[in-house]
Structures are given as C-alpha cells and as structure tokens.
Number of protein chains: 2
Amino acid sequence: MGSDRLTVREIARLAGVSVATVSRVSNGVGQVSEETRRRVQRAIEEHGYRPDHLGRALAAGRHGAVGLVFPGLSGPYFSELIQGFEAEAVHTRTSVHILCTHLRDDSDAQVVEMARRVDGLAVFGGTVSPDTLRELAALVPVVVLAGEGPPGVPSVRAENVAAATALTRHLLADHGLRGLVFVGDPRNSPDVTGRWEGFRAAHRQIGLPLPRAPLRVGLEQHDGVFAADQLLSRAAPPRGVVCANDETALGMLVGAAARGVRVPADLVVTGFDDIPMAALVSPALTTVRQPVRELAGRTARLLLRAAAGETGGSDAALVLPTDLVVRRSCGCPAATGAGPATAPSPATKAGFTTEADRTGHRPATAHGPTDKHTTTEHDPTAAGRRPAAGDRTVR
Amino acid sequence: MGSDRLTVREIARLAGVSVATVSRVSNGVGQVSEETRRRVQRAIEEHGYRPDHLGRALAAGRHGAVGLVFPGLSGPYFSELIQGFEAEAVHTRTSVHILCTHLRDDSDAQVVEMARRVDGLAVFGGTVSPDTLRELAALVPVVVLAGEGPPGVPSVRAENVAAATALTRHLLADHGLRGLVFVGDPRNSPDVTGRWEGFRAAHRQIGLPLPRAPLRVGLEQHDGVFAADQLLSRAAPPRGVVCANDETALGMLVGAAARGVRVPADLVVTGFDDIPMAALVSPALTTVRQPVRELAGRTARLLLRAAAGETGGSDAALVLPTDLVVRRSCGCPAATGAGPATAPSPATKAGFTTEADRTGHRPATAHGPTDKHTTTEHDPTAAGRRPAAGDRTVR
DNA sequence: CCGGTTTCTGAAACCGGTTACCGAGCGGCG
DNA sequence: CGCCGCTCGGTAACCGGTTTCAGAAACCGG
C-alpha cells in the first residue's frame, strides 16, 4: 500500500519488475523482452508516469537548459532575436532561461548564478563585464551574441563597421551632405559601437574632419522622437542624421513630421536593422539589413552543440554579412528598377535584389573586411527575409 | 588524492568535517560551533565551492523556476510584460523559463513538458487550450495572464470590455461617427476578444445596428499599415477605425499619411494600450491605458507565492482598471487643460490627470462593472506611468 | 558527584532517476 | 550431455545535495 507519489520504484513495484527495467523501457535503451516491455509500458500509461526532470538531470549531470542574457527588450530586433533563439532551443527539447540585466546593478552576480542552472549561456554583447564573462566561460560554454568575447569565447555578430561606413559614405559622397549627426550611444552596446566607428571611418576616408560627439539616446522609438526635438530646436539643425537603429530613425521621422520638417528634403534620416516598418513608412527608410533571425539561430545552434558536450565547438568569431538598403529617406529617388541616381560608395559591391521568395537563399558571398578571427559563412537552412519590392540593396 | 569535482563530500573531507556540517554552514541553518564554522567557511571560500543547483533542487523537491508561456513577442506590450515578470521573479532568486508558442502546432505538449521543469506557470491567455490548461493546473500552480482560466485557476487581466465600450461610445456619441471598422482579430487573444465585444456593446447601447465583421489582422505595426491599405483603397473608406492595439493604430497612421489621408479630419484612429509612442505621434493617439507593468508584477507575485507552496493562493480573477486617454486622433481638440469640447460618455467617470511624479499613486477606485469573481485592488508599490502633459484621461 | 539539559557533530537515509555489473536461464553445438 | 554465449533483468552504486536521528561532549544545578 506504499502507493505514494509516482516514481520509478513505484512503477517497478506495480509492474512487478525492477527500477532498471522501468528506466530501460521509459528510455527505450537496452534489451527488454517484448512481453516485459508491454507490461511496464502499461503500468506507465495507466498511471500517467513521467520521469521527474530533476532526478534525470541530476543523474545525467545535465540541466537540459540554456540561458539567454540580454539588456532588455526593446523593439523588434530583440523580439526577433529571442524568438529565433527560443525556436532553435525548443527544437532540441532544451528550455530557455532568460535574464534581463537592464537597469540592474547586481546583474553580474545573477548571471553567474544562472550559469549554475544551465548547460550553456548566450550573452548579449555588452551586458556583462569581460571579467565576469571569463568567469562564466570557465563554468559553462558561453557564446557572445552581437558582440565579441574574450579569446576562447566564440561569438556571433553582424557586420556593423563596414556597413555603417558604406552608409555614411553614401550620405557624404553621393549626397554631398555635411555636418551629419550620429544618434545613439556607442557605449550602449557593441553593435552601436561598431556603427559609430563606421560613421567616423567614413568621415576619415572621405578626408573630412571627424564628426562631433554622438547624440547619446536610447534605442527605442520614443528616444528618436526625443532626439528629433533636441536636434531640430537647435539654431542650426543638421541636414542629416545617422541613427543607431531603425526604431530611433522612425521616431526621428515622427518628430520631424510633428515640426513640419520634411524628410528627406530638409532632413536626411537613416536607420539600421531593416525592421519591417522601415519599408512601410514614407519616406521609406534607408537602412542596413541585418540577418537577425540567422544571428539568433546560429548562436543557438553553436551553443546547443557546445552544451550537449560536443567539443568541436569553434571558438571563432562568426560575422554575418549585412546589406545596405537604399530607400527614400536618404534623398535617393524612388527606385524604379533602374540604376541609382548616383553611384554607390566605391567601397561596396552594388547589386539589386529582386523579389525573392520566402525560402530564397541569399548568395554566400564573403564580406570584404575580415580579420583573422573572422569567418563568414552562409547557412542555407536559414530563411531569408523578403525584401520589399523596389528596395535597392547594396552589399 | 580523491580531489575530483567540488562537492559537499569533497569540501567535508578538506575541512575534516561531515557533509551535514558543510551543508549546515553553507545554508546557515542549525547549530555549528564558531570554530567549526570558520574552518568550513575557509574551505568553501578557498576552493570557491558553490552547491550544485540540481542536487539542491532534487533534495528540496523544488525547481526554483517558473515558466512564462506567451504567443510571441510583438511590440512594447509583450516586452513590458515579460520584463516586468522577470524582474519580479529574479527578485526572489527564481529563474524564468520562456516558451513562445507562436506558430507552433505542438505547443500544448511543450507546455506540459515545461510544467515538469518548473514550480509554477504563467500562461498568456489564449495560448493553450482549456483542456491543457486544466491538465497543467493539476501539475503545478498556474496563473492566466491577460485572459480567464477555467474555474480554480487564478487570472490577472486588465479591463477591456468597458474601456472599449467607452472608447467606441466616445466616437459614436460624442463625435457622431458611423460605419466604424474594428481592426484586429478577436480570435487572436482574449484581450482583443474583449475589445471587440466592447466595440459591439457600444453600438448596441447607442441603438445602432451591429457593426460589420472586424478586419482581421495581426497586432504588429506593419499589420496596421496593411490594414490602412485595405481600408483606404475601398470605394467608400470608413471615417473611423478602432484598432485592437496601439501598434496597429500607429501603422494605420503611417498608412494614412502615405496616401495623404489626414487624421483625424478624414479618418479617425484609436488605439489600445497607451504605449510610449502613442503620445508622441501627431496626431497623438486616443487610446486606453493599460497598467502593463502592474499586470506583469501581479501575475508574477501571485505565481511566486503559489510556487513557494503558500496555499493561500486566491483563485479569483483579478481585473485591473484601465483609463480612456483622449488625445487628438479621435478628433478632439488638443487639450488645453480646459474642459472637453464634448461631454464624456455617460457610462464613464470623467477626470483629469495632472502631471504626476514617477512614484505617484493612482487612486484605488473600483472599476464599474465587476462580477462576483472580480476583485479590483490597488498596489501602492507599483510605479505609475507618467501621463504625458496635456493628456485627458477618463475613467 | 550525579542526573538532566543543551550544544555540537556525524552516519545514514532520502530526493528520483540512470547504469555498471553480474547472474540466471536458455538454446545451440561439439 | 556438458559447455559456451547470448539475452534478459535485478542489485546496488551513484549523481550532489538536505535532513533526521542519535550519540558525544560540555555544562548546569542540586
């Protein structure tokens, strides 16, 4: 009558076998005669037995979970990233623990705490200190997402510097703009740092004096509105702004519209990321397309492999290619399928993307500037994003 | 020389005590002499020992984790919700597992699987079938977030029906609009269902024929742009739209602007949620404010208490009050602090919110229509959202 | 000096699984 | 008929903690 909670031993008693046999049947390993298997199977189903995750995890020495650390959820970029990551993880029956460090000062300790509950950790670039990152890497496999880790820690990110350079050169050289302002805080994240670097590099390459300090604002849409208020109330408002991401740029558009400032006639605005709205606003946003879903997928797969104990984990930094997407907000005419009014920046390879179907593959061309740690690959399984008709993409 | 991995037994050996003593010291429970405590403490610190989470969890019969199930991450609403939930959980050293069910057909099985790895589950309304919900509730404590659960399962949601009714009545009665279109899919989530219900109720109350079927689109900004394309290309475009959320409404604004349709002169647009951008666009969006952060916090606290084994869990449905926020997109003049041009809908209590400070408390007035399961409370610890200057809020 | 507390510590059971190892039973073959 | 090898299934150790229980030592009042 010791029919307490449902455990292996209980099921074993009910089926008249040993715990080893129950475990063998429930896991489908080892040799069990057909007759015994059936008997055990029946006992399992009859009582709705499901092995306890903790016991199993303890025995296996594996949590069956990975962690995802990010600063906070702002905008489609993070949403997409998290969803992509989660989708990949759930695919391998691994659960995902999240940790938002945003605005928390004791976050490093919490990340370390989390590291003890998972088999691997994906850390968004810039969310934890390098020291802590090393400490984590000593505990569990770690992959840095959208940033670079210390030596030995693999990372996955999108190319930012060259893309930002090309974008800025397009404004400086092709449109002849001067006095551009960068909107975003480079200290915010490695992504923004890279974009700011590219912004400066373009000025250097063209032979212009280095730009002024960036307008340090957050990455959300209302931050862009705020930035517009700041910039457009100046005595001499800038003729163009390079925003750290699309949200900010969209906010800038809204702020400009509220003041009657016309884009691109009075003010040129560019974004970064190519979120769905970027193609839908008017004027459509000139921006840089980032393969967010693939970024997330790659990170997840890399991490899951490492978490599963596969030692063949590359410690390389994976850099995914990005595309400059030229639309109207930079002052270019609406694309009609004909060539651009001005030649694209010489540092980039120009090309047109025609309407591609949902599963269309993007060609696996290696991106230009790569350092020795940099690999550029293409994953044919990742679904490409459908470019809006009429987009002109420059790589 | 058996200095293998760091376990209690290993530390016990090193400190020359028993495992029980190590456990006592590391947990700070029981009686341990000062001298022994120091010796054990030293061994722990010297080797950087931290008890394994799995072993501890197995012994305690508690995972130290809760799950959060939601359809997908779209827009600030979900972001805010998740961040609020996570913040509350991390506060009690509980980790958060996430599961996006979006577009996955086998999600019910995955939710059940997740239930075996956590001490409690917060399930977003409409993401799992009622049957599965009951199954889950038998396994672990469950709280339904933004929706209603089966009897015995507590839930937390914001008031939708009355708010949507008031909003729609405002358009119908105060602005005299007819032929309104509801933009959003009521099957999408309980929230949208409630808003659609309120939309219909307002027509009924005014004595108008029931409105046509809603324009079924998603909840993201680009869905709103799509909806604008659909509606504005009709032979007789509607004079007003009630959008299921602010994102859609913002997209509608963008789509209207692209076609030269003026809001509110040619088209009246309203939203729902009062996300930060709603007050910043022009015209500023008339919408309904929802206490998202509090929604998340309440849910989390309710769940965490239940997960900790406290039996005093109320199985009530908690309904948080919402505010109608009248701005310009409905056709009302810019608020100047003076009275409204037209009287607010008689079903609602009108009032002005002046600039409140960040920690300002909202008065704990009970909301009108409450059923027997409904409680309306006010949590003084939840930070209020700062209303934009000039907003007119109606409750 | 002695019985009774109180304080401290350790051995061992337990949480719920997995699995190494071993022995029993059986069929086939020399 | 005896031996070998294979299949099947059970015993017990183990994963890494917590906790019960009992015993030893110290302490106290009478």
- Query: Between B/T36 and C/dC8, does any side-chain N or O lie under 4.0 Å from OP1 or OP2?
  - Reply: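 Result: no.
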- Message: Need one value for B/V32: base, sugar-phosphate or nothing, where a base atom within 4.0 Å counts as base even if backbone is also close, heavy atoms only.
- Response: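 Touches sugar-phosphate only.
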- For DNA chain D, whose closest nucleotide is more 5', that of B/G55 or that of B/V29?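 This one resolves to B/G55.
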- Query: Does the side chain of B/S79 reach to within under 4.5 Å of the side chain of B/Y77, using non-hydrogen atoms?
  - Reply: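 No, their side chains stay 4.5 Å or more apart.
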- Message: If you compare every side-chain N and O of A/R56 against the phosphate oxygens of C/dT18 (OP1, OP2), does one of them come in below 4.0 Å?
- Response: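 Yes, A/R56 has a side-chain N/O under 4.0 Å of OP1/OP2 on C/dT18.
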- In the structure shown, which nucleotide is the Watson-Crick or G-U wobble counterpart of C/dG27, with both distances under 3.5 Å?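 Across all strands, the one nucleotide that pairs with C/dG27 is D/dC4.
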- Message: Using a heavy-atom cut-off of 4.0 Å across all strands, would you classify B/L54 as base, sugar-phosphate, or nothing?
- Response: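 Contact class for B/L54: none.
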- Item | Separation of D/dT18 P from A/L58 CG (nearest whole Å) |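 In whole Å, D/dT18 P lies 12 Å from A/L58 CG.
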- Query: Which residue lies toward the 5' end of DNA chain C, B/A59 or A/T21, if each is placed at its nearest nucleotide?
  - Reply: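 Its nearest nucleotide being more 5', the pick is B/A59.
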- Query: D/dG30 pairs with which nucleotide, Watson-Crick or G-U wobble, both distances below 3.5 Å?
  - Reply: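 Pair assignment: D/dG30 / C/dC1.
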- What is the distance, rounded to the nearest whole Å, between atom CZ of A/R117 and atom P of D/dG16?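 So the CZ-P distance, A/R117 to D/dG16, works out to 18 Å.
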- Is B/I98 close to A/I82 at the side-chain level, that is, under 4.5 Å between some pair of heavy atoms?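 Of all side-chain heavy-atom pairs linking B/I98 with A/I82, at least one is under 4.5 Å.
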- Query: Reckon B/V17 touches a base, only the sugar-phosphate, or nothing at all at heavy-atom distances under 4.0 Å?
  - Reply: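 B/V17: backbone/sugar contact only, no base atoms under 4.0 Å.
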- Item | Under-3.5 Å donor-acceptor pair between B/R9 side chain and D/dG16 base |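 Result: at least one qualifying N/O pair found.
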- Task: Send over the distance from B/R13 CZ to C/dG10 P, rounded to a whole Å.
- Result: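 Result: 15 Å.
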- Message: Using the side-chain heavy atoms of A/D52, tell me which of these nucleotides is nearest: C/dG17, D/dC8, D/dT18.
- Response: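 Selected nucleotide (nearest to the side chain): C/dG17.
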- Is there a donor N/O on one and an acceptor N/O on the other, under 3.5 Å, for the side chain of B/R24 and the base of C/dG10?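 Between C/dG10 and B/R24, which were checked side chain against base, a qualifying N/O pair under 3.5 Å is present.
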- Message: Are A/L54 and B/L54 packed together at the side-chain level, in the sense that at least one heavy-atom pair is separated by less than 4.5 angstrom?
- Response: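 Yes. Closest side-chain heavy atoms under 4.5 Å.
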- Task: Indicate, with a heavy-atom threshold strictly under 4.0 Å, whether B/S23 touches base, sugar-phosphate, or nothing.
- Result: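 Base, at least one base atom sits under 4.0 Å.
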- To the nearest angstrom, how far is B/E34 atom CD from C/dC8 atom P?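 The distance from CD of B/E34 to P of C/dC8 comes to 10 Å, rounded to the nearest Å.
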- Message: Between A/I44 and A/I11, is there a side-chain heavy-atom distance shorter than 4.5 Å?
- Response: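 A/I11 vs A/I44: side chains touch.
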- Query: Can a salt bridge be assigned to the pair B/R38 and B/E35 using a cut-off of 4.0 Å between side-chain N and carboxylate O?
  - Reply: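 Salt bridge: no.
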- Which nucleotide in D/dT11, D/dT18, C/dT19 has an atom nearest any side-chain atom of A/S18: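 Nearest to the side-chain atoms of A/S18, counting from C-beta on, is D/dT11.
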- Message: If I take atom CZ in residue B/R39 and atom C1' in nucleotide C/dT9, what distance separates them, rounded to the nearest angstrom?
- Response: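 Taking CZ of B/R39 and C1' of C/dT9, I get 11 Å after rounding.
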- Item | Value in whole Å for how far the P atom of C/dC14 lies from CD of A/E10 |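 Between P of C/dC14 and CD of A/E10: 15 Å.
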- Query: Of the nucleotides C/dA20, C/dT18, C/dG16, which one has an atom closest to the side chain of A/V19?
  - Reply: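 From the listed options, C/dT18 comes nearest.
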- Which nucleotide in the list D/dT18, C/dT7, C/dG16 gets nearest to the side chain of B/Q31?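 The closest nucleotide is C/dT7.
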- Task: Using a strict 4.0 Å threshold on nitrogen-to-oxygen distance, state whether B/R50 and A/E113 make a salt bridge.
- Result: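 Salt bridge between B/R50 and A/E113, a charged N being under 4.0 Å from a carboxylate O: yes.
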- Taking CD1 from B/I11 and P from D/dG16, how many angstroms apart are they, rounded to a whole number?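 These atoms are roughly 13 Å apart.
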- Query: B/H63 has an atom NE2; how far is it from atom P of C/dG17, in whole Å?
  - Reply: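 Result: 11 Å.
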